[in-house]
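What follows is a set of notes on a single structure, which appears directly below.
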Amino acid sequence: MAKHVCLQSVLSVRSVRLWNALSGFQSRSDRLQFQLLQRRQISRQAQLFTGSQNDSSLNTKILVHFINQDGVKNSVTVSEGETLLDVVINKNLDISGFGACEGTLACSTCHLVFEENIYNRLDPVVDEEVDMLDLAYGVSNTSRLGCQVTVESWMDGMTVCVPQEVKDQRELSKRTK
Amino acid sequence: MNRTVQKSLFFIVKSVRTSPSNFAGKLYAWRGLSTTPDPHTKVCIVGGGPAGFYTAQHIIKGRPDVQVDVYERLPVPFGLVRFGVAPDHPEVKNVINTFTQTAQHERCRFLGNVNVGKDVSVDELRQVYHAVVLSYGAEGNRSLGVPGEHLSGVYSAKDFVGWYNGLPYNRELQPDLSHDTAVILGQGNVAVDVARILLAPLDMLKKTDITQAALDALANSQVRRVLIVGRRGPMQVACTIKELREMVNLPGTQPDMLTDDFHGVNEALKDLPRPRKRLTELMLKALKEQAVKGAHRKWGFRFLRSPLDVLPSADGTRAAAIRLALNKLEGSGDEARAVPTGEVEEVPCGVIISSIGYKSLPIDSAVPFDPRKAIIPNTMGRVQETTGLYCSGWVKRGPTGVIATTMNDSFDTGRVLLQDLDSGAIDLSEARLGAQGIAPLLEKRGVRPVSFSDWEKISGEEVRRGEAQGKPREKMLDVQEMLSVAWS
């Protein structure tokens, strides 16, 4: 049953690609939208696959450590193919305001800082993502948006950090006492 | 085949855009069943825009014993997310799903159609709530202060945006778009939004929640050229790169800029911080490409120019041109100042839109207000010299920033308020009535609040009306109509 669903989902991803190839895009934003849709589709597809016991490559559980804005560490095992935004939502990680635009590249609230060795292996960043990162708080040389990073098996054990608002915290503690 | 594929695509698009449940549904899930039947602590928030809802979210999440009531002047919630965010930016409006989740929380209540400052005073609220947060935004706008700015044909961007987004107060604006050239004064994101809406292909706007009246007016618009004027140079431009990129990629248009405005920019590029560098590079790219494009609709920045006066038409009835003083820069970077060179330039134009900033207004004589900064004087969101009174959003820090800025700012105010609850700085020993204490006042004054489920009736009707035209919704423009649907 699960396999049947998977097949459908694979087909629809193919259809999107086919349609891309046949019709061309009206604008860059359309193209971007479809890129996002593809990622989402793939992500959904991966979730469906995890229901199947037969496919070991996509069934891998990957350990990811999140450090939230208060410095608290949360470790979760996630499926390959989920975006890090999906992970935060699905695992109910308590990161206030994370993913305000719901993964449509219209904000920078799912900003995460990666370890350098992981960052260097990530898929190349598109202009529209950098546009948003340019507006993010506490941006670093290894910053990416969580909605644009899909978990893969080689990332097992990585740590990602939500930038901490150090300045505010300091002022706050001064003020209270 | 192609047809089937398209159909399934549409389904995917729809499902991504309109199925928020998984997202927003998890917002409070971690709290589980930890709520009390009658929350002891009563907090009220004035203003149902992003600042109000993000502040509410933080407070509700932070303590299980707090009831948060959100008061809003209009019968409809979400403030500038509904009335400010451009209709072709539906992805930004996804935040509404989170706000809805907050409003539907059992310890949150939305009271629309209540005008704080008129229907009920801030002091009256303070008597029945333990804490009051002011997050009513910036409803005014900075005026140009030049002769002729009141001529017909001159509009404020705030009103223009309110008009195409269906803000009831701006329903009658009906801008006259029967002119070739529009000049926008100011170069922030609002200015660029207005330029894009004026020049966007109609097919692009038809599928958005732009009002039908605006769509009809834009269909008959004669505006073919939009100039976006700023007093400083390209390296001080206030818009963000996302908005600029949309202009550069806008189908059927081409940039129309002056090479002279970019004198020395290439040389300065290498020393700019990354965001500013990328923004400037994109402008230079647009400048370079404008020669090879052959579109008949044009847009462009005009730098180093300040408005002197609006010149009337021969019969004196309306704006016909704007006179600009040419500037040079003193200093560099963000601190650079524009200084007039003494040269003057006249630009013929029938539409002038002033987009030099929104401005908060005082709400009530009982609340301190800094008229120079046009904000409520505060420290980290605590209103100065007034225990139990807070502010968040634009009224706290001024009308700038993107949605994430307001989100963080509102969380900060929420955090400070929670600290004051925890520390005892806010006296919780005495029970407060909250909305129950306000209800009799409102009844006496003939004001009936609109609840969140009332709003959902309005929303449902808007969506139904939009469906007929392939739009996500057709907004109601009339407050009385909203109320009659809400209470039907």
Side-chain angles (χ1 to χ4, degrees), chain A residues 11-16 18-20 22-23 26-34 36-38 40-41 44 69 85-86 88-94 96-97 99-109 111 127-128 130-137 139 165 168-169 171-173 175-177, chain B residues 1-2 4-6 8-9 11-13 16-17 20 22-24 26 29-30 54 57-58 61 88-95 97-98 204 240-242 244-246 248-251 274-276 278-279 282 379-380 382 401-405 407-408 410-412 414-416 419-420 423 425:
Chain A
L11 275 178
S12 69
V13 172
R14 286 229 177 104
S15 314
V16 173
L18 180 67
W19 193 72
N20 288 357
L22 286 174
S23 64
Q26 283 188 330
S27 72
R28 200 186 177 98
S29 64
D30 278 359
R31 200 158 62 229
L32 187 72
Q33 194 59 44
F34 281 112
L36 287 169
L37 289 174
Q38 283 187 19
R40 290 248 135 175
Q41 269 303 100
R44 195 165 304 160
Q69 61 267 61
L85 173 60
D86 292 337
V88 170
I89 301 303
N90 294 337
K91 300 282 181 189
N92 285 332
L93 299 183
D94 181 27
S96 279
C101 81
E102 306 188 353
T104 55
L105 272 186
C107 74
S108 55
T109 58
H111 170 202
D127 282 342
E128 286 77 2
V130 188
D131 290 355
M132 288 299 123
L133 281 169
D134 277 352
L135 300 174
Y137 284 84
V139 76
E165 292 163 66
D168 290 358
Q169 297 292 349
E171 281 181 26
L172 273 174
S173 53
R175 166 92 202 186
T176 40
K177 281 294 148 195
Chain B
M1 169 65 193
N2 213 352
T4 332
V5 174
Q6 258 184 6
S8 74
L9 262 175
F11 174 71
I12 298 165
V13 172
V16 168
R17 279 277 164 82
N22 186 38
F23 249 88
K26 302 272 170 105
W30 64 279
Y54 277 128
Q57 173 184 331
H58 201 83
K61 236 179 130 178
D88 59 337
H89 286 167
E91 59 288 343
V92 178
K93 300 187 195 209
N94 277 344
V95 295
N97 299 324
T98 302
M204 201 174 115
T240 57
I241 190 167
K242 181 196 178 205
L244 176 63
R245 198 181 293 286
E246 283 175 316
V248 172
N249 294 330
L250 192 64
R274 184 182 84 174
R276 179 58 71 185
R278 293 180 70 246
L279 182 60
L282 186 57
T379 310
M380 301 286 293
R382 292 180 180 96
V402 293
I403 193 91
T405 325
M407 185 186 86
N408 285 313
S410 303
F411 288 170
D412 286 347
R415 201 176 300 131
V416 160
Q419 277 181 358
D420 288 354
S423 72

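Below, read A as the first sequence line, B as the second, and so on, with proteins coming before strands; counting in each chain starts at 1.
- Atom CD of A:Glu128 and atom CG of B:Asn249 lie 7.5 Å apart (nearest 0.5 Å).
- Within the 4.5 angstrom heavy-atom criterion, only side-chain atoms of A:Thr109, from C-beta onward, approach chain B.
- Legend: residues meeting side chain to side chain donor-acceptor pair (under 3.5 Å) with B:Thr405, ordered by chain and number and at least two apart, are absent.
- Residues satisfying the side chain to side chain donor-acceptor pair (under 3.5 Å) test with A:Asp134, not counting sequence neighbours, are B:Arg274, B:Arg278.
- Using a 4.5 Å cut-off between heavy atoms, A:Val88 does not touch chain B at all.
- Here CD1 of B:Ile403 is found 11.0 Å from OG of A:Ser108. Values are rounded to the nearest 0.5 Å.
- One distance of note links CD of B:Glu91 with SG of A:Cys107; it measures 10.0 Å at 0.5 Å rounding.
- Residue B:Val402 touches chain A through its side chain alone, counting heavy-atom pairs closer than 4.5 Å.
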The test is side-chain contact (heavy atoms from CB on, under 4.5 Å); show your working for A:Leu135 and B:Lys242 and say whether it passes.
CA-CA 10 Å; A:Leu135 300 174; B:Lys242 181 196 178 205; 5.8 Å; no
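- The two atoms that bring B:Lys61 and A:Ser96 nearest to each other are NZ-OG, 3.8 Å, heavy atoms only.
- In this structure, OG1 in A:Thr104 is found 10.5 Å from NE2 in B:His89, a value given to the nearest 0.5 Å.
- Listed here is the closest heavy atom pair of A:Tyr137 and B:Ala404: CE1-O, 4.3 Å.
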